[in-house]
2 protein chains.
Amino acid sequence: MPSHALGFAAHDHSSCVKSALGTALDACAERGVQMTPVRKRALEILLENHSAMGAYDVLVRLDAEGLGSKPPVAYRALSFLVEQGFVHRIERLNAFIACAHPGDKHDPAFMICRTCGTVAEAQISSATLGASAAQSGFQIEQTVIEAQGLCPACQPEGTA
Amino acid sequence: MPSHALGFAAHDHSSCVKSALGTALDACAERGVQMTPVRKRALEILLENHSAMGAYDVLVRLDAEGLGSKPPVAYRALSFLVEQGFVHRIERLNAFIACAHPGDKHDPAFMICRTCGTVAEAQISSATLGASAAQSGFQIEQTVIEAQGLCPACQPEGTA
DNA sequence: CGCTTTCCGTTATGTTATAACATACACCGC
DNA sequence: GCGGTGTATGTTATAACATAACGGAAAGCG
């Protein structure tokens, strides 16, 4: 069971699932979009698993609960969740992960451990990127920032 | 024909191909690695095309020249070129692009136009990312920084 | 009721990527 | 030359990721 994805630190897991789910539900009501059973369950699966999961991994779980067995079911639900900002897509892994702090829409940044695969969402401002873009006249709409390396737990002793 | 990928600015194309190829050849000699025909041609294809290409796009070109028709041929050549820093992989596009300034190994950053698909390599320091990582004890080995948006040419009039 | 919108179910296929195994060739010490 | 070693290539097969396209169900509304 994954246990240390959020900033590589231990935390109260069952409560964070409920809280994130509540935030998502509220946001849906506010925005007038529907949190359907498939979408809700997909989000719960990602929240419970608490690590990056491939679309097909999510699909297997949905299928086991009778919520759909074909790829489009998973991709549609995940697309919705990403659009709403409840889930982020990790390009490097072709995978998805529940947002560590939903509610405010934001461009996420991630740290991905190459040994254990744990993914932590970082708080970061892409100011430097913005400056570079402005210089060339490029208008940024979205950013993908993903660092790879070793998480504290996977570093050789005495290196952290 | 792609024409404005390097910083979204026009430039002397045929000379930059030769120069980049020369730099790569020198680097291989210096590092004691082999720039074989397939690898060299794959690099040339990317340099000539001067925009992001999928592995299979490269493969089609290689195949047309009798240099190999099966996926692993392209993927091996591209892996080598990426390892050596002559080519970068664009995660967001599942594609590859020749490095805009080979010779010095570096973590690249990209600006990707969602309209025309043009990709520009940016000069950027990932200092902010490093700071955030250090705080959590994460040891960065590599970074992926990719911004999406509109290049100058694709922006509505008067917006740039 | 008829119409529209949104979501879901399914078929089929497209796209990207790699595992695994076999072959070729250069280099080197003997 | 011969055999070992290392690197690169050739090939088969398949894994893994993703979407187009179409039909049907359910909700909201005039």
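- In this structure, the CG atom of B:Leu78 is 18 Å from the P atom of C:dT15, given to the nearest Å.
- Looking at the side chain of A:Pro72, the nearest of the listed nucleotides C:dA20, C:dT10, D:dA18 is C:dT10.
- Hydrophobic clustering keeps B:Val82 apart from B:Leu93 (ILVMFWY residues linked when any side-chain heavy atoms are closer than 4.5 Å, directly or through intermediates).
- Rounded to whole angstrom, the span from the CG atom of A:Leu93 across to the P atom of C:dT18 amounts to 12 Å.
- Hydrophobic cluster membership is shared by B:Met35 and B:Val33, with clusters built from Ile, Leu, Val, Met, Phe, Trp and Tyr side chains linked at under 4.5 angstrom.
- Ranked by how close their nearest DNA chain D nucleotide is to the 5' end, B:Asn94 and B:Pro37 are led by B:Pro37.
- Checking D:dT9, D:dA21, C:dT11 against every side-chain atom of A:Lys70, the shortest atom distance belongs to C:dT11.
- For the pair B:Asp57 CG and C:dG14 C1', the interatomic distance rounds to 13 Å; values are reported in whole Å.
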Under the side-chain contact (heavy atoms from CB on, under 4.5 Å) rule, what do A:Glu44 and A:Arg39 come out as? Steps first, then yes or no, please. CA-CA 9 Å; A:Glu44 283 173 351; A:Arg39 293 169 176 178; over 6 Å; no
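- Nearest nucleotide to the B:Thr36 side chain, out of D:dA18, D:dA8, C:dA19: D:dA8.
- Residue whose closest nucleotide on DNA chain D sits further toward the 5' end, between B:Gly68 and A:Ala95: B:Gly68.
- Using a 4.0 Å heavy-atom criterion, one finds that A:Arg39 contacts the sugar-phosphate atoms exclusively.
- Both A:Phe80 and A:Ser69 lie near DNA chain C, and the one whose nearest nucleotide falls closer to the 5' end is A:Phe80.
- As rounded to whole Å, 15 Å separates atom P of D:dT9 from atom CZ of B:Arg41.
- Between B:Arg76 and C:dA19 there is no side-chain polar atom (N or O) within less than 4.0 angstrom of OP1 or OP2.
- Across all strands shown, A:Leu67 has heavy atoms under 4.0 Å from sugar-phosphate atoms exclusively, and none from any base.
- Distance, B:Arg92 CZ to D:dC17 P: 17 Å, rounded to whole Å.
- By the 4.5 Å heavy-atom criterion applied to side chains, A:Leu46 and A:Leu78 are counted as neighbours.
- Proximity note for A:Gln34 (side chain, C-beta onward) versus C:dT6, D:dA18, C:dT11: the nearest is C:dT6.
- Distance CD (A:Glu91) to P (D:dC17): 13 Å, rounded to an integer number of Å.
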Starting from the C-alpha separation in whole Å, work towards a yes-or-no answer on side-chain contact (heavy atoms from CB on, under 4.5 Å) for B:His106 and B:Cys99. CA-CA 10 Å; B:His106 56 284; B:Cys99 179; 3.2 Å; yes
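- Once the 5.5 Å centre distance and the 30° plane angle are applied, the aromatic ring of B:Tyr56 is found not to be stacked with the base of C:dT15.
- C:dT13 atom C1' lies 14 Å from atom OH of A:Tyr75, rounded to whole Å.
- Here the P atom of nucleotide C:dT15 and the CE atom of B:Met53 are 15 Å apart, to the nearest Å.
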